[in-house]
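Reading through the structure tokens given below for one structure.
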Number of protein chains: 2
Amino acid sequence: MAVEFDRPKRVRLVDIAEKVGVSRRAVSAVLLGTGGNRVSVGDQKAKEIQRVAESMGYQPNFAARQLVGKRSHTFGLIVASAGDPLRSFLIQHLDEESVAHGNRTLIGNTVVAPDRFEKTVQLFTNSGVDGVLCAVHNWLPGDREALLKQHPCTVFYEDPGIPNACFVTVDRADAVRQATNYLIEKGRERIGLALTMKSSRRQKDRLRGFKEALGDNGRTFDPQMVFYASPKFKDAYAHHDVNSLKWSLPEAVIDSLIEQLVIGESADAIIAHDDYWAATLIKCLRRKGIRVPDDVAVVGYLNHYLADFTDPPLTTIDLAHMTAAKEMVSMLERMISGEELPADQRQVLIQPQLIVRESA
Amino acid sequence: MAVEFDRPKRVRLVDIAEKVGVSRRAVSAVLLGTGGNRVSVGDQKAKEIQRVAESMGYQPNFAARQLVGKRSHTFGLIVASAGDPLRSFLIQHLDEESVAHGNRTLIGNTVVAPDRFEKTVQLFTNSGVDGVLCAVHNWLPGDREALLKQHPCTVFYEDPGIPNACFVTVDRADAVRQATNYLIEKGRERIGLALTMKSSRRQKDRLRGFKEALGDNGRTFDPQMVFYASPKFKDAYAHHDVNSLKWSLPEAVIDSLIEQLVIGESADAIIAHDDYWAATLIKCLRRKGIRVPDDVAVVGYLNHYLADFTDPPLTTIDLAHMTAAKEMVSMLERMISGEELPADQRQVLIQPQLIVRESA
DNA sequence: CTGAAAGCGCTTACAG
DNA sequence: CTGAAAGCGCTTACAG
């Protein structure tokens, strides 16, 4: 038989008001900063209130504040998974920044079940969150329109494809531009680019950066130097099946990539789709007796801690997740405070940074 | 100038009570399951209440429920980092299980600053969480005694070393036992064990499993076959500096390991401290022209997704984080419901499982 | 600055 | 089942 659950009696605001002999208002003003500047408490009184609150171990009740107040000081953080290999540090930074701005973070992992995205949005509503940070990959299910409707104060990581939605995203074109420039500078003659599919806007951005860098250096773009996993490998995204928490990449994709770019086109450098592709690429190249970086230089994309464990360590593009998190939270704070963001401030582009290790 | 923040007017319980023409009590009973079995609402009425609530888009206000109720249905999840390479999936599973039991999850990343652990505990108190799940590594700072004092309903991952504290931990002895048995079965003659330090209880558990397995197979234990990183490498835990989010391992440690076990003692198999050690070990062995697994078999510990990216893929011990999470949440639920757990049920041992890939 | 009061949205005990 | 009321811990508007 279950015994009743009793939370221990906590010290209330009124308790310390009585002890000190002042009004609740004064205590609230001193301890919680309420009442704006309409309440003024003397220095002496203020210090005594602080002291007594400390000695009695006062902890304000957030639920009560939330019920009466205008803000809950709670952010909803919706993610695919805390373990998301592509974004787990972005997630940490988002929490970190939220807390730095005086908020709590309610987290919701959504890969667990197909309807978890919608359930989480509802939970956020019930919880009265002030705003939502969405770090769920675009290619995972979830009704973003409904999220935005229920929570107008929402900032996405990456363009959700909804008009006027606020988001922060990495400058993919610049990422590939940096990598290409670096490889050219290092004397690489035939640079290959590995992408997942032709149609995606994100992949097009990368291609654009690639072409621009080639042009800037007086090189001509050769379509044969671009490898597309799709449509030949429909499951090239298999390593993206966060659902099963599996995070491997079919080696057949990488073998095909080597076949086209290295064997077929004599590439001496490859910009991989991400660090996982790069790690597998390095592995497969070695098996064929092709040396990295001597024969072929490899550049990744992400700067996952995995990059230190490849052999040789991976030269890759850091996506600056910390900066992205700061931008997202700062944008969210502005929206919550009621600012009407102009259209050109609703999209923030983050500058990535090439990190040179040994693979290129 | 900041415009006032106005949360949109939400439908309240009383609104649908008025619409349907019943008491708030009835609505509360139907929609939120309150009042125990003292309230009975007719089937017809109940259905109408459901229907109207749905059509009006009713969302119960959790803050109000929490203020008056006995439970907040909120769990505090305190972690080192969502990106914690050793525990990010444990974190996801903990959230997943908490939600499955009808709770919200307030997350707190603590590696951000030295006092963040204590701050997070305080935040949990303010938020009136029903219980706390602590997944912060023992070797990171934080006052666990204070946590337990403020939140008697706390379950730790791994023994915090506090008498009577509730925790779930992996059977380390069994992990090493399984690995050792497997290696012996595969014909390995000289098996080495890599540990961080002699003094730690956790390392002693591993050593115990190692000795037991050797004994069971009629082998004699040779102390020379155990490598300790410490005290020679005080920073062998450097890869544990989650603080800087760096997750690399000094290769000098691994070189020293190879020197002692492989060169010095002709080990033909090594049980590494974790998957990161194993990955680096494989890399360093290859550089010396030592083949894995032909010359030396390598077994990891964790089953991180990294294990698929080593070359060859890593045979390792899965720590069953999903099971651990289920046990932790289930234990926490029992504590919250008021059960007085007997001493022998306050510590749950999780059985790990050897996952065979190609490195051993 | 104060005190006394109203109210946030809910749950519960009370009298019918 | 109902209605009317009290109360959770706080913030705010009101009259001094």
Side-chain angles (χ1 to χ4, degrees), chain A residues 4-18 20-49 53 56-74 125-128 130, chain B residues 4-18 20-49 53 56-74 125-128 130:
Chain A
E4 275 296 284
F5 176 74
D6 276 316
R7 221 172 307 131
K9 282 277 166 280
R10 277 163 50 182
V11 179
R12 297 161 305 166
L13 194 143
V14 62
D15 295 327
I16 65 176
E18 278 172 4
V20 179
V22 293
S23 68
R24 290 192 274 178
R25 241 191 109 157
V27 178
S28 183
V30 170
L31 257 32
L32 305 168
T34 57
N37 38 21
R38 279 156 294 171
V39 183
S40 57
V41 183
D43 255 21
Q44 289 289 10
K45 280 285 178 203
K47 273 186 190 147
E48 193 179 346
I49 289 170
M56 295 179 77
Y58 174 66
Q59 296 284 354
N61 183 319
F62 280 18
R65 298 196 68 183
Q66 177 175 346
L67 187 57
V68 64
K70 289 191 171 56
R71 284 188 62 166
S72 64
H73 293 284
T74 308
T125 305
N126 291 334
S127 302
D130 293 335
Chain B
E4 275 295 285
F5 175 75
D6 276 317
R7 219 171 309 131
K9 282 277 165 281
R10 275 164 51 181
V11 179
R12 296 161 307 165
L13 194 143
V14 62
D15 295 327
I16 65 175
E18 277 171 7
V20 179
V22 292
S23 68
R24 292 193 272 176
R25 238 191 111 157
V27 178
S28 182
V30 170
L31 257 32
L32 305 168
T34 57
N37 38 22
R38 277 156 295 168
V39 183
S40 57
V41 184
D43 255 21
Q44 289 290 8
K45 281 285 178 203
K47 271 185 191 148
E48 195 178 346
I49 290 170
M56 297 179 76
Y58 174 66
Q59 296 284 355
N61 183 320
F62 281 18
R65 298 196 67 183
Q66 177 175 345
L67 187 56
V68 63
K70 290 192 171 56
R71 284 189 61 166
S72 65
H73 292 284
T74 308
T125 305
N126 292 333
S127 302
D130 293 335

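These values consider heavy atoms only, across backbone and side chains, with no hydrogens, waters or symmetry-generated copies. A note on names: the letters A, B, ... follow the listed sequences, proteins ahead of strands, and every chain is numbered from 1.
As rounded to whole Å, 10 Å separates atom P of D:dT11 from atom CG of A:Leu31. Atom CD in B:Gln66 sits about 15 Å away from atom P in D:dC8, given to the nearest Å. Between A:Gln59 atom CD and D:dC10 atom C1' there is a gap of 15 Å when expressed in whole angstrom units. At whole-Å resolution of the value, CG in B:Leu13 and C1' in D:dC8 are 16 Å apart. In this entry the distance linking NE2 of A:His73 with P of D:dC10 reads 15 Å, nearest Å. In this entry the distance linking CZ of A:Arg71 with C1' of C:dC8 reads 18 Å, nearest Å. Atom P of nucleotide C:dC8 and atom CZ of B:Arg10 are separated by 14 Å, given to the nearest angstrom.
In this structure, the separation between CD on B:Glu48 and CD1 on B:Ile16 is 10.5 Å, given to the nearest 0.5 Å. For the atom pair OG1 (B:Thr74) and CG (B:Asp130), the distance works out to 6.5 Å, reported to the nearest 0.5 Å.
Dashed line: the shortest gap from a side-chain N or O of B:Arg65 to OP1 or OP2 of C:dT11 is under 4.0 Å. Between B:Tyr58 and C:dG9 there is no side-chain N or O to OP1 or OP2 distance below 4.0 Å. Of the side-chain N and O atoms in A:Ser28, one or more sit less than 4.0 angstrom from OP1 or OP2 of D:dT11.
Side-chain atoms of B:Asn61 lie closest to C:dC10 of the nucleotides C:dC10, D:dC10, D:dT2. Picking from C:dG9, D:dT11, C:dC10 the nucleotide with the shortest atom distance to the side chain of A:Leu67 gives C:dG9. Distances were taken from every side-chain heavy atom of A:Arg24 (C-beta onward) to each of C:dA6, C:dT11, C:dT2; the shortest belongs to C:dA6. Relative to the side chain of B:Val22, the nucleotides D:dT2, D:dG7, D:dC10 differ in distance, and D:dT2 lies closest. For B:Arg25, counting side-chain heavy atoms from C-beta on, the closest listed nucleotide (D:dG9, C:dC10, C:dA13) is C:dA13.
Within the shown strands, nothing qualifies as a pairing partner of D:dA13 under the Watson-Crick or G-U definition with both distances less than 3.5 Å. Across every strand in view, C:dA4 sits unpaired, with no contact that passes the Watson-Crick or G-U test at under 3.5 angstrom.
Side chain of A:Gln66 to main chain of B:Phe62: no donor-acceptor pair is present (N/O by atom type, distance under 3.5 Å, no hydrogens or angles).
The side-chain heavy atoms of A:Val27 and A:Val20, taken from C-beta on, include no pair separated by under 4.5 Å. No side-chain heavy atom of A:Leu31 sits less than 4.5 Å from a side-chain heavy atom of A:Leu13.
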